[in-house]
There are 2 protein chains.
Amino acid sequence: MTNVTTAAADSTPPGDGDAAPDSSGPTAAQPGTSAAGRPRRARGEQTRQLILETALRLFRERGYAETTMRAVAKEAGVAVGNAYYYFDSKEHLIQGFYDRNQAAHRIKAEPVLATEKEFAARLRGVLHAGIDVNEPYHSFAATFFKTAAEPSSPLSPFSAESSPARSAAITIFQEVVDGSSAKLDPELRRELPELLWLGWMGIVLFWVYDSSPGQRRTRRLIDGAVPLIDRLVSLSRLRVLRPALRQILALIASVRSNGE
Amino acid sequence: MTNVTTAAADSTPPGDGDAAPDSSGPTAAQPGTSAAGRPRRARGEQTRQLILETALRLFRERGYAETTMRAVAKEAGVAVGNAYYYFDSKEHLIQGFYDRNQAAHRIKAEPVLATEKEFAARLRGVLHAGIDVNEPYHSFAATFFKTAAEPSSPLSPFSAESSPARSAAITIFQEVVDGSSAKLDPELRRELPELLWLGWMGIVLFWVYDSSPGQRRTRRLIDGAVPLIDRLVSLSRLRVLRPALRQILALIASVRSNGE
DNA sequence: GACCGTAGTTGAACACGTTCAGAAAGGTGC
DNA sequence: GCACCTTTCTGAACGTGTTCAACTACGGTC
């Protein structure tokens, strides 16, 4: 059958993501996935990659909505049902895109984090790197975003399923803060990575909606917002602003607690 | 073209809701009640309202995804195609929900705006009113949000089609600012309504994702954020913050210009 | 080799959103 | 009454995402 000569793994990033999708659905567990280890057979893994590659290629070529599952299956040389054996839904194919770009962002941000010392420069570099990585997918990312926006969707950046990818992303901003020479309020320092990630989500949101040529407005937003954040972060140690800062941190803590 | 707005008396006079007493049969259209000749389009408008009412009811009862167009049509006693005669798509039915809640928000906010004078109290009242109005639809609003999140969708709060609804919403915050006793930087005063609306969008986003019982976290977010905003707005006249404020306003202006 | 269990695979079938060619319904001018 | 038009309405039909019972391939056991 589908002789897949290509070496397995292809360009598969090390992370591989996909932490046990296991849809907690009504019926029994998914075949092939075992809790801890990954006893997936080589053959299956190969097919899985083939389907994912094909799907992402078609998404890029035709767009998400215009790519049918039948087309993906046909192009990959398998039956429709086979795609559903490996991916719970069409949306789940997007998770591959998600993970891949996450890894690419990290890689692209690495040089900046290694060389720059100033907070503003580090942040700016990381943000632009993120846009760089996503740029080729702008038109398709809009649809992707639509899908991810549903809170109940496992693709939501806030969902439990995305938790690994989310912490990975936050880690980048952790490094932005940790490696920087900026002096700031210790409590703020603790919260800052997550806040920056939240800001990043906002920028992505803006970017998705940005229809200016080359998404220049998003670039301008970054260039304008970074010195601003830098300034505000510096001001955080100012006496007049102390109470306000405390207030913000208290609000975050309060809102975060799911309970009473 | 599609222009679905029909500002006509959307407020749903209680009696009207209808039920069309004789409508046991599917067709049964009541002819023009000889005496009081209705205006020409009356019949169509009636059907339109009937379909919208039915759809929103079913959305509330079963959820958006679980409500099929066939079910809406059957429940309303019309053919599927008829629903598509009045609404371009299933998503467009949501626009009715959108407009209605917009109006309800305004009405609910009215008393607060009429009595309160302090900025913080006005803002807090308006925000809570907005949540109050949307509360019954929380579970369904999640799906609604997913749909609206697609930038190309006419339902997006940033789309051209939503422009009227958007300005209506911004107007509310305009009143929050205008009627308040707060003293603030004149330039900021000019921009504040739109910024507050943007903040409101953020709160709605948070609310959509808020799975705490009764969405208490969103309430807490409002209660915590309002005094914070109030304080920051007051501080806007402080000398140290002047440059930062100017920077923010310049950034907004820069990002806003779509062009070069 | 024969048997069996499971990973892998198939494609018809289902329910859905949407479309479309046309049938009613109702008005207007003669 | 009749012809003609627009508005309103119909339901079969299309393409889609998704499901499912059944089939195949293959590794292990006796």
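What you see is a predicted model, and the numbers here were worked out from it, not measured in a lab. Numbers restart at 1 for each chain; the letters A, B, ... are given by sequence-line order, proteins then strands. Note: hydrogens, waters and symmetry copies are ignored here, and every other heavy atom, side chains too, is used.
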Which atom pairs, one a donor and one an acceptor, fall under 3.5 Å between side chains of residues 101-108 of chain B and the rest of the protein, sequence neighbours left out?
{"unit_1": "B/Asn101", "atom_1": "ND2", "unit_2": "B/Asn134", "atom_2": "OD1", "d": "2.9"}
{"unit_1": "B/His105", "atom_1": "NE2", "unit_2": "B/Val126", "atom_2": "O", "d": "2.9"}
{"unit_1": "B/His105", "atom_1": "NE2", "unit_2": "B/Gly130", "atom_2": "N", "d": "3.4"}
{"unit_1": "B/Arg106", "atom_1": "NH2", "unit_2": "B/Glu175", "atom_2": "OE2", "d": "2.4"}

Qualifying residues under side-chain hydrogen bond (donor to acceptor under 3.5 Å, both in side chains), relative to A/Thr218, sequence neighbours excluded = A/Asp210
remark   = To the nearest angstrom, the NE2-P distance between A/His92 and D/dG17 comes to 16 Å
key: Residue A/Lys90, side-chain heavy atoms: nucleotide from D/dT8, C/dT18, D/dT18 that is nearest   = D/dT18
task = To the nearest Å, give me how far apart CD (B/Glu91) and C1' (C/dT18) are.
result = 12 Å
inquiry  = For B/Phe97 together with B/Tyr137, are the ring centres under 6.0 Å from each other?
reply    = yes
key: For B/Arg57, all residues meeting salt bridge (charged side-chain N to carboxylate O under 4.0 Å, His left out), sequence neighbours excluded   = B/Glu61, B/Glu75
ask   = Is any side-chain nitrogen or oxygen of B/Thr47 closer than 4.0 Å to OP1 or OP2 of D/dT8?
value = no
message = My understanding is that only residues two or more places apart in sequence, or in another chain, count here; which of them pass side chain to side chain contact (heavy atoms under 4.5 Å, CB included) with B/Glu91?
response = A/Lys146, B/Tyr64, B/Ser89, B/Thr147, B/Ser153, B/Leu155
request  = Respond yes when some side-chain nitrogen or oxygen of A/Tyr85 is under 4.0 Å from OP1 or OP2 of D/dC20, and no when none is.
outcome  = no
Whole-Å gap separating P (C/dG11) and NZ (A/Lys74) = 12 Å
inquiry  = How many whole angstroms separate atom CD1 of B/Ile51 from atom C1' of D/dT8?
reply    = 10 Å
note = Residues at least two apart in sequence or cross-chain that pass salt bridge (charged side-chain N to carboxylate O under 4.0 Å, His left out) with B/Glu135, listed by chain then number, are B/Arg219
ask   = Between D/dT8, D/dG17, C/dT10, which nucleotide has the shortest distance from any of its atoms to the side chain of A/Ala79?
value = C/dT10
query = Once you round it to whole Å, what is the distance between C1' of D/dT7 and CG of B/Asn82?
reply = 11 Å
ask   = Among the nucleotides D/dT10, D/dT8, C/dT9, which one has an atom lying closest to any side-chain atom of B/Val78?
value = D/dT10
ask   = When the distance from CG of A/Leu50 to P of C/dT9 is rounded to whole Å, what number comes out?
value = 10 Å
task = Strictly below 4.0 Å, heavy-atom distances to any atom of DNA chain D: list the hits from residues 62-69 of chain A, or just say none.
result = A/Thr67, A/Thr68, A/Met69
request  = Return the set of residues passing ring pair (Phe, Tyr, Trp, His ring centres under 6.0 Å) with B/Phe206 (not counting sequence neighbours), or none when no residue passes.
outcome  = none
message = Can you list everything that forms a side chain to side chain contact (heavy atoms under 4.5 Å, CB included) with B/Glu194? Sequence neighbours excluded, please.
response = B/Ile170, B/Arg256
key: Shortest non-hydrogen contact from A/Leu127 toward A/Ile203   = CD1-CD1, 3.8 Å
Shorter than 3.5 Å, N or O on both sides, protein versus nucleotides 12-14 of chain D: list them out with atom names.
none

query = What is the distance, rounded to the nearest whole Å, between atom OH of A/Tyr84 and atom P of C/dA13?
reply = 18 Å
